[in-house]
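These notes concern the structure reproduced below.
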Amino acid sequence: MDIGVGLWCLQSTATNPRSFTRAYQELPEDARLAEENGIHSLWLSEHHGYYDGYCPALMPAASTALAATETLQIGTGVLLLPLHEPQRVANAANHLNDQFSGRFHLGVGMGYRPVEFEMKDLHMNQRLKLMNSGLDVVTATTPTPTWVGVSSEKAAERAGRRGLGLFISGAFSKEVVNKLIEAHRSAWERSGSSETNPPPVGLLRNLWIVDTDEQRHQAFQWVRSSYLVYAGLGWGADNTGVDFVSEIETSMNEVEKSATVGSADQIAEDLSGYDVDLVVCRIGYDQPPRAALTEVIERIGRELVPLTQEFGVKR
Amino acid sequence: MRLLLDLRHISDHTERRLLATQADVHGIWGVVVTGPSGAETVEASAIATATDHLTIVVDIDGSTAHPTTIAEEVAVLDQISQRRTMVIIRGQRKTRRAIATLLSGLPVGGVILSPPPAQASIPVRSPEDIPQIDPPEDAAQLAELINQYRDANEQFLIVVWNRSIKELARHAVGRAGSPDFPQMVADMADQIDPIA
């Protein structure tokens, strides 16, 4: 099992206002730190036109992180494909992988905020059609490893049929995660693919390595408050127990239940129960002080990565 | 007048990066970069990360994407480069105007960029706004060309240059910036510190 870190959103939120320029300077610094500590990958996330500057252009952001490192993989977790011209996305992905030794991964999703579609003179009811036509272009014109972010079994099946990787949200329970993986895997098997191995599965998990109960309490608060961002964005997913639009407290409780906060051994034990290729540790919250973020990156690399080498999918 | 080193014709990315870092060290004001459609700011971001002082002028065809998408990419580049971004937008004037408005932090059709550019306003030019030269090897002819554009009050001049970046910096930057450039000093410098 590979261990990555995410999600770098490069925001300046109401809970923790900061300079955007500082946020963009910290991205390559964090990428170097992750690389120095043996972490597999760092993942970025996208939204458009939100008050906090949530990064709307992941390709130039990926470029600065790749330019600052030598071996670290950088991924988009996820780029909202219907809001972009797909050939431009494919061109950018190819350019990144040509320049940076194939270290770029393209994660894509559909988007869920009507205002983001309106900003591009689109309507949200076009998103599935745009996603499918976009994936047709991307898969035909770039060999870049491509992952699809999903929040329903139908979407997981679509990714499986195409032979594309799955990128699963950190807010879901183990039960929901396993259903999505099963739907993805079954659809791939039914597709009659000539590939020997099924497409990979990546899993975002809210986690934090702590030593004391006080630190544990603090970390859970960071996880909970970070989802205020998604409440503001209006994120809700069908049939997953997570709907920040209408049930913010219930959803935060659900997120807290799915978060893993403890020692590296405890986190490794929890992760051993997932049949996935990649776990992206979601630590890019907006509240932790800088020193806490850098410490957890170091501890994930030094303590968690060695414990999880043998977990997950054996390829 | 400020000189912009043209990197658009350099096919090898390692060479582009090397020339940009040399230009950064030797005080060239900026470089002009581009890339396949959608990868222009990807290329510019890599150059920005490898340099500290250069202005990165990114050349983009405005017809290949929604103006908001292009403006978002450029605004993020300006955050990454810490206010060192300038842009050449090809295509229709209307598109260029929309992008320029967004890159000034102002709304277009109710849309406002978030994050905004780091600069108060990112300079947006059309390709026709900036003259370009591919100077001959002869030093006197180079000097004459630079004088000609400087005295015509051009703000920027794009230079295609296939020789030493230090030579360009020594012989052209000061001349571009001042009608009082003492060529004798640059010539003496060539003797004291020959350019390889």
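Every chain is numbered from 1 and lettered A, B, ... according to where its sequence line falls, protein lines coming before strand lines. Note that the structure is predicted; figures quoted are calculated from it, not measured.
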Would you find more than 12 non-hydrogen atoms of other residues, nucleotides or ligands less than 6.0 Å from [X] atom [atom1]?
{"X": "B:Gln183", "atom1": "CD", "result": "yes"}
{"X": "A:Glu29", "atom1": "CD", "result": "yes"}
{"X": "B:Arg93", "atom1": "CZ", "result": "no"}

If we ignore angles and hydrogens, is there a donor and acceptor under 3.5 Å between the side chains of A:Thr21 and B:Gln82?
no
So, A:Lys120 and B:Thr68: side-chain donor and acceptor under 3.5 Å apart, yes or no?
no
So which part of [X] gets closer than 4.5 Å to some heavy atom of chain B, the side chain, the backbone, both or neither?
{"X": "A:Phe100", "answer": "side chain"}
{"X": "A:Leu83", "answer": "backbone"}
{"X": "A:Asp121", "answer": "both"}
{"X": "A:Tyr50", "answer": "backbone"}
{"X": "A:His48", "answer": "both"}
{"X": "A:Gln25", "answer": "side chain"}

Trace of the side chain to side chain donor-acceptor pair (under 3.5 Å) decision for B:His13 with A:Asp98:
CA-CA 9 Å; B:His13 68 86; A:Asp98 287 347; over 6 Å; no
Spacing of CZ belonging to A:Arg88 relative to NE2 belonging to B:His66, to within rounding of 0.5 Å
12.0 Å
Output for pair (A:Thr64 OG1, B:Ile47 CD1), nearest 0.5 Å, gives 11.5 Å
With chain A, which of [options] has the greatest number of heavy-atom pairs at distances under 4.5 Å?
{"options": "B:Ala48, B:Ala39, B:Pro115", "value": "B:Pro115"}
{"options": "B:Gly110, B:Ala46, B:Ala65", "value": "B:Ala65"}
{"options": "B:Thr49, B:Thr41, B:Leu77", "value": "B:Thr49"}

Minimum heavy-atom separation for [X] and [Y], please, with both atom names.
{"X": "A:Asn91", "Y": "B:Ser37", "value": "ND2-O, 2.9 Å"}
{"X": "A:Pro56", "Y": "B:Ser114", "value": "CG-O, 3.8 Å"}
{"X": "A:Pro60", "Y": "B:Ser45", "value": "O-OG, 2.7 Å"}
{"X": "A:Ser63", "Y": "B:Val42", "value": "OG-O, 2.6 Å"}
{"X": "A:Ala57", "Y": "B:Glu72", "value": "CB-O, 3.9 Å"}

I want to check something: taking the side chain as every heavy atom from C-beta on, are B:Pro116 and A:Phe20 in contact at a cut-off of under 4.5 Å?
yes
Side-chain touch B:Val76/A:Cys55, heavy atoms, less than 4.5 angstrom:
yes
Residues 114-158 of chain B vs ring pair (Phe, Tyr, Trp, His ring centres under 6.0 Å), sequence neighbours excluded, gives B:Trp29-B:Phe156
Between A:Gln99, A:His84, A:Glu85, A:Glu118, which has the largest tally of heavy atom pairs under 4.5 Å with chain B?
A:Gln99
Measuring heavy-atom distances to chain A, does B:Glu43 have an atom under 4.5 Å in its side chain, in its backbone, in both, or in neither?
both
Residue B:Leu113 versus chain A: region with a heavy atom under 4.5 Å
neither
Which residues satisfy the side-chain hydrogen bond (donor to acceptor under 3.5 Å, both in side chains) test with A:Glu70, sequence neighbours excluded?
none
